[in-house]
Amino acid sequence: MDVLFDILGSANFWAAAIRIATPLIFGVLGALICERAGVLNLGIEGIFVAGAMAGWLAVYLGAGLWGGVLVAALAGALFGLLHAFLTVILGLSQHVSGIGITLLATSVSYFTYRTALPDVTSPPRIAAFQPLNIPGLSDLPFIGPALFQQTPLTFLALVFVVLVALVLYRTPLGLAIRAVGDNPASVEAQGLSVVGLRVGAVVAGSALMALGGAFLTMSAFDAFFFGMVNGRGWICIALVVFASWQPGKALLGALLFGAFDAFQIRLQAQIGQVVPGQVFLMLPYLLSIVALILVARRADYPRALLQPWTKGQRH
Amino acid sequence: MTDAPVLLSLRNITKRFGALTANDAISLDLHRGEILALLGENGAGKTTLMNILFGHYVQDEGDVRVLADDGALATLPPGSPGAALKAGIGMVHQHFTLAENLSGLANIRLGTEPLLSFGRESAARAKVKKIITESGLDVDLDRRVADLTVGEKQRIEILKALYRDAKVLILDEPTAVLTPQEAEGLFVVLRRLATNGLGVIFISHKLGEVLAVSHRILVLRAGKKAGELVTAQADRRAIADLMVGKAVAEVVRIPALPGETLMEFDDVSLHGAGRQALSGVNLKLRAGEIVGLAGVSGNGQSGIAALISGLAVPSSGTLRLYGEAVTKASPRDLVTSGVARMPEDRQHDGVVGTMSVADNIAIEEVRSPAFSKMGLLDRKAMRERATAAISGYDVRCPGPDAEARLLSGGNVQKLILARVLEREPRVILANQPTRGLDVGAQAEVHRRILAARDRGAAVLVISEDLDELFALADRFVVVHAGELSDAGSSESLDRGTIGLMMAGQARPPVGIAS
């Protein structure tokens, strides 16, 4: 029990939880937009890698940090466009295409990295984003270091939560995206383009996913490693279900996962001699499976998820 | 009526799908304030014509002209639902095009406001409220569409069109999903809308309702215009013949002579995942009697069908066949003990599409000595039976080796009839026996079912078509929300009573013994 309170009582733990949650927030928002429009994007894991690599490489080659963020988003959008072409326009299986995109994006990223830097042995570093110092807030005791000493990308992720919720629930565009994921016929009958909406959603969602990857190389770390995404994309796919496709709950899910992960790292340090470290590594994943079992059985899936659409088709 | 300006004009519309000409040079005019019925059997080309009008299909020849704001008729660009909407054509599809996760108001607004804006919800609400007051299409705008009844969903669909200032409203088989009362309510709304200047095209294959609601009738047959008449001067018999193209023999039903009870539901309840629940159902199926099961679909019909088909056993209560309780869910046992089933979705559950007609004829009895010798299939016997069925039941197909998926709906149903009736079953479940069939095939199916009854079979007919039930049933039961009520002999009943019972609003007439 003492261990628990020691961990929860440290500002450092909360800061870590938010930091770990940041890429997941981007990823889960991106996946949420795609799925709300009716397209499952299993390319997410590869798009994370592409975003991580492209953003980092751009900065390494001389672009500014925000330039790197933009490049990462573009890389994600590009793979999103490919996924949209295969699944929305050609109507192919979203599962197969998504896995293909993940494999392709991952290998293309590794290949590009190796080709661009043929001679390096240890990963080169860039000057990454530094924590912002917000006058007043960052200096508060406990709260300051726990919540307000994050890098700009973390705050950007939070801004996107609000933005995505706003668009989804308060604009005609959001209405159309929610409708096209439930019944594309409703959108077509009202004179809107099913293909246009879905392609747009997949491209935008994929760009957001790539920002999650960019956070890893440009904020959490300052270099690109192989295997650094390490299943974060897949976790986002599970978190979307956990979140019932709602941005607010997506944020909550990502933070919960971040907290578990930060917790297990600290627990490992404290009682790691007794229990093998791998058990702790499993902890957040086990918990997300348990959470899914509890939540997903009642999940209200977008009805048209996974279903390709052809013009003039009736259901 | 013809003095009113023309709102919409179709000129020589022709549409071919491969060798099939779905629409052959069809022309029609629709005037302001007019309800035009488009009447025809399934496959006559009604829906194709409307899909061309709405831009879902592109016609091969001909054009669509709509009254423009300047008072002239402007040609509509083909293949564009957007252009049709803009020109003031609103369509209510047979299958609703609603996003069920959104509210009714959201569905109405969808696509009417600039995507990148905050929308105009309050202005939209005010406009819809005004339309509701004028038309009488009362519905809760803020409920999720998923929680609305079918009739309410249809009202949202009509409001969608009116919200976009539709001049022409097309309704494709609008009453197929409604109770008789809801249908009557719809007719009232349509007449009111027409009085306010809307032009309405009402697509249907039900003669009765067409006569009730329309001003003018256009009859389509096999893709061609078979006739055009003013409703007030039309004769029911003549229109039916126009639709079918030949005189249809009336099916005559002689009074039933019910015998012993063959199948009995004794306080049967059924619940479980994915099934429509039943609670406390009592029902007797007697030899030589047809029981008609009426109800709005989704109220428990599939549960009753599953029980009779051996796909389920009661959760509580007893189902008895020939006096013995059925305790095991076994379709095969039921089939061998003389239960015949005509499934609701005949293409999906009735035949295996990729297998031949002969295979499908034998499929329920492959273990019987008639079709197997020493554990091996007797192909010759199967083909002989199939050949006999094809001629005896008029199944139109290339032969016993043709794949069942190539048969039309009516011929699949005849194939199923041949399969189940040749065994002389004692209990027959006919679930939606003529849905989607044309008048000719329908009469044939009815004749066969009546013949089976006269032979002494106990029959349960499940149908959403009250005309069909009145044509076949000796006795009515009505299912609503999983509960069955006995409505009594068909002679003592009228459609209104049945309709109220279907809506769960009325108890059966007093004093009827079950």
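Each chain gets a letter, A, B and so on, in the order the sequences are listed, and its residues count up from 1.
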* Ionic contact status for B:Glu61 with B:Arg16, cut-off 4.0 Å ->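 Yes, B:Arg16 and B:Glu61 are salt-bridged.
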* Structure fact -> Max heavy-atom pairs within cutoff under 4.5 Å with chain B, candidates A:Gly191, A:Ala179, A:Gly174, goes to A:Ala179
* To do: Name the region of B:Leu98, side chain, backbone, both or neither, that has any atom closer than 4.5 Å to a heavy atom of chain A.
  =>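 Interface part for B:Leu98: backbone (N, CA, C, O).
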* Contacting moiety of B:Arg164, where chain A heavy atoms sit under 4.5 Å -> side chain
* Just by modelled atom types, is the B:Gly223 backbone N or O under 3.5 Å from a matching donor or acceptor in the B:Asp24 side chain? ->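 It does not hold such a pair.
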* Of the backbone (N, CA, C, O) and the side chain (C-beta and beyond), which part of A:Leu175 lies under 4.5 Å from a heavy atom of chain B, both, or neither? -> both
* Check whether A:Val180 gets within reach of chain B through its side chain, its backbone, both or neither, counting any heavy atom under 4.5 Å. =>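 Neither part, no heavy atoms under 4.5 Å.
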* To do: Evaluate side-chain contact (heavy atoms from CB on, under 4.5 Å) for A:Phe85 paired with A:Leu92, printing each intermediate quantity in order.
  => CA-CA 9 Å; A:Phe85 174 74; A:Leu92 303 181; over 6 Å; no
* Asked: Is there a donor-acceptor contact under 3.5 Å linking the side chains of B:Thr112 and A:Gln190?
  ->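 Judged by distance alone, the side chains do not pair up.
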* Inspect the surroundings of CZ in B:Arg144 and state if more than 12 heavy atoms from other residues, nucleotides or ligands are less than 6.0 Å away. =>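 Counting other residues, nucleotides and ligands, CZ of B:Arg144 exceeds 12 neighbours.
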* Asked: Among B:Ala106, B:Gly90, B:Ala84, B:Ala83, which residue forms the greatest number of heavy-atom pairs with chain A at distances under 4.5 Å?
  -> B:Ala106
